[in-house]
Amino acid sequence: MSNKPGNFNPEIHVTDYRKEFEAKRVTRDCLISIDGRKTESLNGKWHFYADPIEYLLRGGWYKESRYDDQGREKPCDYDFEAMEEIKVPATWNTERPELFLYENMGVYFRTFRYKQHEEGERVFLHFEGVAYRAYVFLNGECIAMHDGASTPFSVEVTGKLKDVNRILVGVDAKRQDDRVPMTNTDWFNYGGIYRDVYFVRTPGTFLKDWFLRLVPGSGYSEIALDFSVDGSKSGEALLTIEELGIKEKVRYEDGIGSAVIKAKPELWSPESPKLYDVSLSIDGDELSDKIGFREFKVDGNRILLNGNEVFMKGICVHEDDVYLGKSTNECIIRETIRTVKEELHGVFLRLAHYPHTRLFSKIADEMGVMLWEEIPVYWSIAFGNEKTYKDAENQIGELIKRDKNRASVVIWSVGNENPDTDDRFAFMSNLASYVRSVDPTRAVSAACLVDEVGEKIDDRLADKLDIIGVNEYYGWYNPDFSKLGRVLKNSNPSKPVIITEVGAGARAGNHGPSDMLWTEEFQEALYMKQVKEIGACPFIKGVSPWILYDFRAQRRFNHYQEGFNRKGLIDADKKTKKLAFKVLSDFYKTK
C-alpha cells in the first residue's frame, strides 16, 4: 500500500530523480574498438538549451509524452526542435558568451535517419568525450549514463532504431566531491559534447577489442596479440602485418584469443617513429591501425627505451585553447608536438590532468614523442568512497582500452598531488595494481608531493610505482629555493624520479628585475637555478616543467593572471615565447 498522498506529483515532488538512471551506467566493458572502422559522424549542429533544474530528468521530458491516456494533448514546456542550435563537438562555454561560466545541465537534441545496410548488423552510438556526466536517450528511452569527461563510451542500440530517430543527451557539468575529479581543481570547468560522436555498424559477430605489442624481455623478437570477439564464441582470426611478412591465423575460444608471434620489427623511437600497417580480421569484420613496436621499462633507477637509457626531456600541457576551450584539432596538436621536438628539443609530454583526445596519441605515434597519460585523481578525491574508486578505475580502464596500441604512450599515471593518507594509499595502490593487471608493458607512476616536514622525497605510494613523479615549486610557492638542494640531498630513492612539475608564473611581455614576481625575468632566473640542480642530481631521470602554454584557471585572478594560469613558457596565444623557454631549450639541447 502506497504511503504517498493523493496529491503527490512525481514531476515536482520526487527529489532522488537521478537514481533511476544508475542502472543504465555504461563502463569500459561496453566500449568497442573503432580502430580502422568505417564510422558515420553525428557531429554538426545540435539543438541545445541550458537545463539548470534538470527537467529533462526530473520532469521526464525525454519521454516526449505529449498526450494523456485519453488522447488529449497536454501543455508541454519543451520543444526540442525550437531550441537554438550549437556546434558538436565543442564546449558550450566557448560557443555562447552567456554560457561561459555555466556549470550545470545542458541538453542536446538532434534527429538522424537509419537504414539497415546488412542483414543482422549491430549498431552502436560512440561518444569520444562528454563533460562530465552524460545521460543518453533514444526515442524516449534512457539507453546510457556515463561518468568521466575525457574517456570514450559506447552503447549498443541494435533493435532500438526507427527510420527517423530522436536522440537527447543530458550533459551534467556540475562538480561534486565524490566524483573524479572532485570540486576543487586548477583548470577551467568546460562542459558539453566536446569530442566526436559516431554511429558505428558491425556484423553480428565482431572484433570488440585488441592489444598488439612487443613482448617485454623477448630481445625485440616477439609480438604478443590479445583480442576479444563479441558474438560467436569460437573461431579464427587473421593477423596481417605485410611489411613483416606476417599472416598468422589465431584461434579464439569463449570470445578470447591470444598468440605470441616471432618477428623482428624496426623499433619505434622519437628519433625514428616507425609504424606498421596492421590488421586483424575475422569472417565479416576487421580492425586496422598503424602500430609501432618498442620496449619501455625501468631497470633500477634507469629508464630504458629499446634498451637505451633515456632522460625524459619533457613538458606538461593542458587541453585548453582560448577559442576552442577543451576541444582541439589536428593543427593544434601537430604544432604542439613540433614545438616540443624541434624548438624545445624535448621527447616527452605529460598530458595533464585527464585523458586528452585520442588524436593526440595517434599523432604522437606518427611524429615521435613519448607520452605520460593520466586520469584526474586530483588533490582531495573522496579516497574512502567505494563509488569514487570505481569511477577512477573505470576511467583509467577506458583510457587504457583506447590507447594501449599507441607506442607513444609509455607511462600511465594514477593521480596528482594527493596527501599521503591511509585511504589515499589504499585507493591509489589498488589503481596501480589494476593498471598492471591489464597492461604490464608500460610504467605506472603518479605525480607526488615532497615531504616538506622531512625535507625529502618520501611517499608510501612510491613502493607501488615504477617511476616516482615529484611536483616541486621551490623558488615560487616555497620562496626558499635552498630547500630544493636539501630535499635532493636527503633523498635516496631506489627508482627513477621525474620532476613532473616545476616552474613559476610570468605574464608574457611583463618585464622587470629578476627578483620581481610575474616578470619574464623572474621566471627565466628560476628556470636557470632549477635546471642546474636537476641536471646535477643522479636519480632524476626526467623533467616535465609546468607548463607549455598558459591556460584558463578559475582560481587565478590577480591582475597578471586574469583568469589564466601564467606558468606557461608560451602565452595562451600559443605563439609568444617567454624568456624561460630558451633556458629549458638550451638545457635539453645538451642533456
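Note: Tyr378 and Trp187 meet the aromatic proximity criterion, with ring centroids under 6.0 Å apart. Between Phe100 and Phe188, the gap from one ring centroid to the other is short of 6.0 Å.
Using a 4.0 Å cut-off between charged nitrogen and carboxylate oxygen, Glu524 and Lys582 do not count as a salt-bridge pair. Remark: Asp289 engages Arg406 in a salt bridge, criterion side-chain N to carboxylate O under 4.0 Å. Ionic pairing of Lys575 and Asp571 is not present here: no N-O contact between side-chain nitrogen and carboxylate oxygen is shorter than 4.0 angstrom. Classification of Lys529 and Glu533 as a salt-bridged pair fails, no side-chain N sitting under 4.0 Å from a carboxylate O. Salt bridge annotation for Asp403-Lys362: absent, with no cationic side-chain nitrogen under 4.0 angstrom from a carboxylate oxygen. A salt bridge does not link Lys274 to Asp365: none of the charged nitrogens lies less than 4.0 Å from a carboxylate oxygen. Classification of Glu562 and Arg556 as a salt-bridged pair fails, no side-chain N sitting under 4.0 Å from a carboxylate O. Contact check on Arg350 versus Glu373 returns no salt bridge, with no Lys/Arg side-chain nitrogen under 4.0 Å from an Asp/Glu carboxylate oxygen. A salt bridge is defined here as a Lys NZ or Arg NE, NH1 or NH2 lying under 4.0 Å from an Asp or Glu carboxylate O, and Asp550 with Arg566 meets this definition. Between Glu335 and Arg338 there is a salt bridge, since a side-chain N of the basic residue sits under 4.0 Å from a carboxylate O of the acidic one. Of the charged side-chain nitrogens involved, none lies within less than 4.0 Å of a carboxylate oxygen, so that Asp320 and Lys326 do not count as a salt-bridged pair. The pair Arg175-Glu103 counts as a salt bridge, with a side-chain nitrogen and a carboxylate oxygen less than 4.0 angstrom apart. Salt-bridge formation is detected for the pair Asp186/Arg555: a Lys NZ or Arg NE/NH1/NH2 atom is positioned less than 4.0 Å from an Asp or Glu carboxylate oxygen. Using a cutoff of 4.0 Å between basic side-chain nitrogens and carboxylate oxygens, Asp439 and Arg213 are not scored as salt-bridged. For Glu452 and Lys483, the salt-bridge test fails: no basic side-chain N is under 4.0 Å from an acidic carboxylate O.
A donor-acceptor pair shorter than 3.5 Å cannot be found between the side chains of His511 and Thr519. Donor-acceptor pairing under 3.5 Å is recorded for the side chains of Asp177 and Thr183. In this model, no donor atom of one side chain and acceptor atom of the other lie less than 3.5 Å apart for Glu343 and His345. No hydrogens or angles considered: nothing links the side chains of His353 and Glu319 as a donor-acceptor pair under 3.5 Å. Side-chain atoms of Asn471 and Glu417 include a donor-acceptor pair closer than 3.5 Å. Between the side chains of Glu393 and Tyr389, at least one donor-acceptor pair of N or O atoms lies under 3.5 Å.
A donor-acceptor pair under 3.5 Å links the side-chain atoms of Lys495 to the main chain of Asp463, judged by distance alone. Between the Ser445 side chain and the Ile467 main chain, a donor and an acceptor come within less than 3.5 Å of each other. The backbone N or O of Trp518 lies less than 3.5 Å from no partner atom in the side chain of Arg507, so there is not a single donor-acceptor pair. When atom types are taken as modelled, the side chain of Tyr102 and the backbone of Gly191 share no donor-acceptor pair closer than 3.5 angstrom. Remark: side-chain polar atoms of Ser408 are paired, donor with acceptor, to backbone N or O of Ser361 under 3.5 angstrom. Panel note: side chain Ser288, backbone Val278; no donor-acceptor pair is recorded below 3.5 Å. Judged by distance alone, the side chain of Asn301 and the main-chain N or O of Pro496 form no donor-acceptor pair under 3.5 Å. Between the side chain of Asn394 and the backbone N or O of Ala392, no donor-acceptor pair lies under 3.5 Å. Proximity of a side-chain donor or acceptor of Lys313 to a complementary backbone N or O of Gly542 within less than 3.5 Å is not detected. At least one donor-acceptor pair closer than 3.5 Å links the side chain of Ser269 to the backbone N or O of Ser272.
Atom CZ of residue Phe293 and atom OH of residue Tyr276 lie 8.0 Å apart, to the nearest 0.5 angstrom. Note that CG of Leu465 and CD1 of Ile411 are 10.5 Å apart. Values are rounded to the nearest 0.5 Å. Between Asp420 atom CG and Cys448 atom SG the span is 8.0 Å, to the nearest 0.5 Å. Atom CH2 of Trp46 sits about 9.5 Å away from atom OH of Tyr108, to the nearest 0.5 Å. The distance from atom CG of Asp391 to atom CZ of Arg133, rounded to the nearest 0.5 Å, is 8.0 Å. For the atom pair Leu101 CG and Gln554 CD, the distance stands at 6.0 Å (nearest 0.5 Å).
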Dump the intermediate steps for salt bridge (charged side-chain N to carboxylate O under 4.0 Å, His left out) on Asp209 and Lys404, then the final yes or no. CA-CA 10 Å; Asp209 186 35; Lys404 61 189 174 185; 2.7 Å; yes

Evaluate the criterion side-chain contact (heavy atoms from CB on, under 4.5 Å) for residue pair Leu349 and Trp372; output intermediate values, then yes/no. CA-CA 6 Å; Leu349 274 158; Trp372 160 307; over 6 Å; no

Apply side-chain contact (heavy atoms from CB on, under 4.5 Å) to the pair Asp480 and Tyr474, showing each step before the final yes or no. CA-CA 6 Å; Asp480 185 358; Tyr474 292 105; over 6 Å; no

Apply side-chain contact (heavy atoms from CB on, under 4.5 Å) to residues Val414 and Tyr434 and explain how you reach the verdict. CA-CA 10 Å; Val414 295; Tyr434 168 74; over 6 Å; no

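Within the 4.5 Å cutoff, the side chain of Arg195 has no heavy atoms near those of the Arg358 side chain. Looking only at side-chain heavy atoms (C-beta outward), Phe360 and Thr336 come within less than 4.5 Å of each other. Here the side chains of Asn189 and Thr185 are not in contact, with every heavy-atom distance at 4.5 Å or above. Two residues are said to be in side-chain contact when any heavy atoms from C-beta on lie closer than 4.5 Å; Glu472 and Gln530 meet this criterion. When side chains are defined from C-beta on, Glu309 does not count as touching Ile303, because their heavy atoms never get closer than 4.5 Å. Using a 4.5 Å heavy-atom threshold, the side chains of Pro152 and Leu31 count as touching. Here the side chains of Phe539 and Cys537 are in contact, with some heavy-atom distance below 4.5 Å. In this structure the side chain of Ile363 reaches within 4.5 angstrom of the side chain of Ile333, judged on heavy atoms.
Annotation: cation-pi geometry satisfied between Lys577 and Phe581 (NZ/CZ under 6.0 angstrom from ring centroid, within 45° of ring axis).
With Ile375 as reference, Leu431 is the one residue of Ile400, Asn416, Thr151, Leu431 to meet the side chain to side chain contact (heavy atoms under 4.5 Å, CB included) rule. When each of Ile547, Leu548, Ile315 is paired with Ile570, the side chain to side chain contact (heavy atoms under 4.5 Å, CB included) condition holds for Leu548 and for no other. Considering Val470, Ile499, Thr500, Ile498 as possible partners of Val543, the one that fulfils the side chain to side chain contact (heavy atoms under 4.5 Å, CB included) test is Ile499.
Below 30°, between 30° and 60°, or above 60°: for His318 and Trp546 the angle between ring planes is above 60°, a perpendicular geometry. Ring geometry for Tyr473 against Tyr477 counts as perpendicular: the plane angle is over 60°, on a 0 to 90° scale with 30° as the lower cut.
For the residue pair Phe427 and Ala382, the shortest heavy atom distance occurs at CE1-O, 4.4 Å.
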